[in-house]
Amino acid sequence: MYRTNIVKLFIKRTVIFREKEWLFSLLVISLVLWLIFLGNSALRDWDEGTYALVAREIYRSGNWLYPTIQGEPFLLKPPLMQWLIAWCYHLGGVQELTTRLPGAVLTALGVPLLYLVARLAFNQSLPALFAALVYLTMLPVVRHGRLAMLDGMTISFFLLLLFCLLKARQNRKYALGVGFCLGLIILTKGMIVLLLGAIGILFMLADRQLALLKSPYLWVGILLGNAPAIAWYTAQWQHYGNNFLQVHFQAQAFDRLTQSVEGNSGPVWYYLLELLKYGFPWLLFLPGGLYLACKKRHDTWGSLVLLGTIIYLGTISLMRTKLPWYVMPVYPFLALAIGANLSEVWHNRHFRVRSWTIFLAIISIAGLGGCVYFFIKKQPILIVMSIVLVISMSIAAWLIKQRDRNFIPVLFTGMYLVLALLMSSQSWIWELNEAFPVKPVAELIRANVSPGTQIYTSFAYGRPSLDFYSDCKVTAATVPTLQKMLSNKSYLLLDNEALQQINLTGSKIIGAANGFTLISKN
């Protein structure tokens with residue numbers, strides 16, 4: 001009996017040690033992927049440039065309670081991201097790296113957090129590890145998580161909430177964390193807490209944790225955890241009145257449910273197309289994972305996957321406003337389903353040889369096309385990335401044909417290297433190619449115009465990133481307005497077409513950069 005207990009204790013401690021090893025390894029490889037060359041590209045419009053402007057004004061003014069943008073109240077979003085960026089500015093100066101650092105680190109923490117959630121949901125290590133590795137190697141998760149955007153942070157706080165809910169089954173004290181996570185979600189992205197909170201409540205009911213609703217730890221956590229958010233919202237309402245309610249709640253939250261804001265619309269299947277565009281190769285294993293979740297719908301992990309996927313994806317699909325990053329919080333649920341399917345394949349060797357081989361072969365052929373394209377464009381890092389993609393997908397396809405389960409680690413390794421190479425290039429923010437590079441133009445403005453000056457431009461729309469780099473407010477205007485502003489001795493930033501249309505008599509050309517000319521009245 002004594003020896004049996006010793007053996008059990010040894011096994012338990014060995015398992016705990018291995019869990020810590022996995023957690024540490026996941027944390028390290030996640031931080032590497034999210035932080036390598038993080039500051040190698042200019043800030044992107046719109047969110048990055050906007051949050052950087054707000055954070056810089058907090059950093060300069062010390063006004064942490066009432067954030068502003070270009071001197072005007074910033075009422076669109078809660079302040080947690082801007083606070084963290086401003087704090088990083090204090091530590092490391094105002095630059096791209098410090099702008100992106102808070103979101104990148106917190107998003108990277110989502111990988112080990114998903115492992116912890118999955119470990120409790122599956123009550124097994126292998127599907128939990130596979131789920132975390134799938135989440136780690138999903139392109140949208142990595143790419144958007146590296147940007148100064150709110151979604152990756154929000155997901156990590158939600159995963160921490162789920163972890164607290166699952167741990168509260170054995171130790172009610174963990175219910176305290178649920179309330180604090182809700183408060184963090186509110187201070188990060190506001191009203192999305194209603195949707196994520198609803199998923200959390202329904203999951204708690206499906207997991208038969210009704211007794212948790214009576215726990216004082218839960219309600220004390222909700223009270224204390226939400227107190228900072230309530231205090232901040234109350235301060236904004238008292239300071240700005242109904243204008244804050246109109247902008248922050250009505251325009252930024254509820255209007256997006258019923259109408260297309262700023263022309264960002266799409267069909268009901270918009271997000272399904274987003275998943276199809278950027279979900280490979282893992283989407284190959286999603287149907288099997290969802291099938292398993294349906295079979296195991298009464299288990300913890302099955303109910304979590306189904307509730308999260310159906311409620312979240314259904315809600316955003318019915319919203320009138322559509323933006324690609326709105327789909328981000330569904331990826332952890334998909335990763336859980338895919339992890340379950342990969343674990344099933346690993347243990348039982350159930351292969352869909354024909355379909356999986358064909359799809360991976362198609363990805364390999366696409367990689368070959370990428371090699372040729374990037375060779376023409378003279379982008380050596382992306383050429384290597386394409387080669388790695390071709391090799392890893394080809395090996396995985398061959399292993400599947402041999403019914404060898406080792407195709408799974410090959411896929412994980414290949415996708416990790418592909419993403420690491422992509423993030424090492426300057427092409428991971430491909431939206432920067434949609435308009436002119438801002439840095440040369442901003443350099444022209446900074447060299448000749450005092451900070452904070454109002455400038456008018458002939459470009460079609462204002463760009464927060466240009467405002468950030470130039471340290472001025474650059475406003476888009478029509479040609480008649482530009483002519484009037486020139487008469488009022490304002491600075492103009494004109495493209496070549498507008499330069500031909502405007503009467504420049506009595507004006508001075510200060511300089512030119514990237515097809516734009518900066519002029520002012522003599």
Classify the ring geometry of [X] against [Y]: parallel below 30°, tilted from 30° to 60°, perpendicular beyond 60°.
X: F407; Y: W356; result: tilted
X: F74; Y: Y51; result: perpendicular
X: F163; Y: Y174; result: perpendicular

**Message:** Show, in sequence, the C-alpha distance, side-chain angles and deciding distance for K77 and T50, and conclude whether the side-chain contact (heavy atoms from CB on, under 4.5 Å) test is met.
**Reply:** CA-CA 11 Å; K77 300 293 182 184; T50 299; over 6 Å; no
**Request:** Applying salt bridge (Lys or Arg N to Asp or Glu O under 4.0 Å), run through E96 and K439 and close with a yes or a no.
**Result:** CA-CA 12 Å; E96 290 91 348; K439 281 193 167 182; 2.7 Å; yes
**Item:** For F436, all residues meeting ring pair (Phe, Tyr, Trp, His ring centres under 6.0 Å), sequence neighbours excluded
**Value:** F459, F516
**Request:** Kindly compute the distance separating CG (L26) from CG (L31), expressed to the nearest 0.5 Å.
**Result:** 11.0 Å
**Item:** Spatial distance of atom CG (L368) from atom CD1 (I363) [nearest 0.5 Å]
**Value:** 12.5 Å
So do [Y] and [X] actually touch side chain to side chain, heavy atoms under 4.5 Å?
X: K20; Y: L23; result: no
X: L313; Y: V327; result: yes
X: L116; Y: L120; result: no
X: Y469; Y: V474; result: no
X: S125; Y: W22; result: no
X: Y59; Y: C88; result: no
X: L150; Y: D47; result: no
X: L76; Y: V247; result: yes

Please determine whether the number of non-hydrogen atoms from other residues, nucleotides or ligands lying under 6.0 Å from atom [atom1] of [X] exceeds 12.
X: Y270; atom1: OH; answer: yes
X: E443; atom1: CD; answer: no
X: W87; atom1: CH2; answer: no

**Partner residues of D467 under the salt bridge (Lys or Arg N to Asp or Glu O under 4.0 Å) criterion, sequence neighbours left out** = none
**Fill in**
Taken in chain and number order and not counting sequence neighbours, the residues that satisfy salt bridge (Lys or Arg N to Asp or Glu O under 4.0 Å) with K277 are E274
**Prompt:** Among all residues two or more places apart in sequence or in another chain, which pass the side chain to side chain contact (heavy atoms under 4.5 Å, CB included) test with W269?
**Reply:** P267, L272, L273
Any donor-acceptor N or O pair under 3.5 Å, side chains [X], [Y]:
X: E48; Y: S465; answer: no
X: Q124; Y: S343; answer: no
X: E19; Y: Y115; answer: yes
X: T300; Y: D207; answer: yes

**Message:** Using a strict threshold of under 4.0 Å (side-chain N to carboxylate O), is an ion pair present between K189 and D151?
**Reply:** yes
**Steps toward side-chain hydrogen bond (donor to acceptor under 3.5 Å, both in side chains) verdict (Q379, S427)** = CA-CA 9 Å; Q379 298 188 45; S427 300; 3.1 Å; yes
Pairs of donor and acceptor atoms involving the side chains of residues 134-146, under 3.5 Å and at least two apart or interchain, shall be tabulated with distances.
| residue | atom | partner | partner atom | Å |
| --- | --- | --- | --- | --- |
| T137 | OG1 | L133 | O | 2.7 |
| T137 | OG1 | V134 | O | 3.4 |
| T137 | OG1 | W282 | NE1 | 3.1 |
| R143 | NH1 | W428 | O | 3.1 |
| R143 | NH1 | E431 | OE1 | 3.0 |
| R143 | NH1 | E431 | OE2 | 3.4 |
| R143 | NH2 | E431 | OE2 | 2.7 |
| H144 | ND1 | P140 | O | 3.4 |
| R146 | NH1 | L33 | O | 3.1 |
| R146 | NH1 | W34 | O | 3.1 |
| R146 | NH1 | I36 | O | 2.9 |
| R146 | NH2 | I36 | O | 2.9 |
| R146 | NH2 | F37 | O | 3.3 |

**Message:** Please find the pair of heavy atoms, one from S364 and one from M393, that lie closest to each other, and give the distance.
**Reply:** OG-CB, 3.1 Å
**Fill in**
Correct closest heavy-atom pair for I155 and P332 would be CG2-CG, 3.6 Å
**Message:** Walk me through whether W46 and Y461 qualify under side-chain contact (heavy atoms from CB on, under 4.5 Å).
**Reply:** CA-CA 11 Å; W46 295 84; Y461 51 85; 3.6 Å; yes
**Message:** Determine whether V32 and Y416 satisfy the following criterion, side-chain contact (heavy atoms from CB on, under 4.5 Å), listing intermediate values before the conclusion.
**Reply:** CA-CA 11 Å; V32 168; Y416 185 86; 3.7 Å; yes
**Message:** My understanding is that only residues two or more places apart in sequence, or in another chain, count here; which of them pass side-chain hydrogen bond (donor to acceptor under 3.5 Å, both in side chains) with H248?
**Reply:** Y233
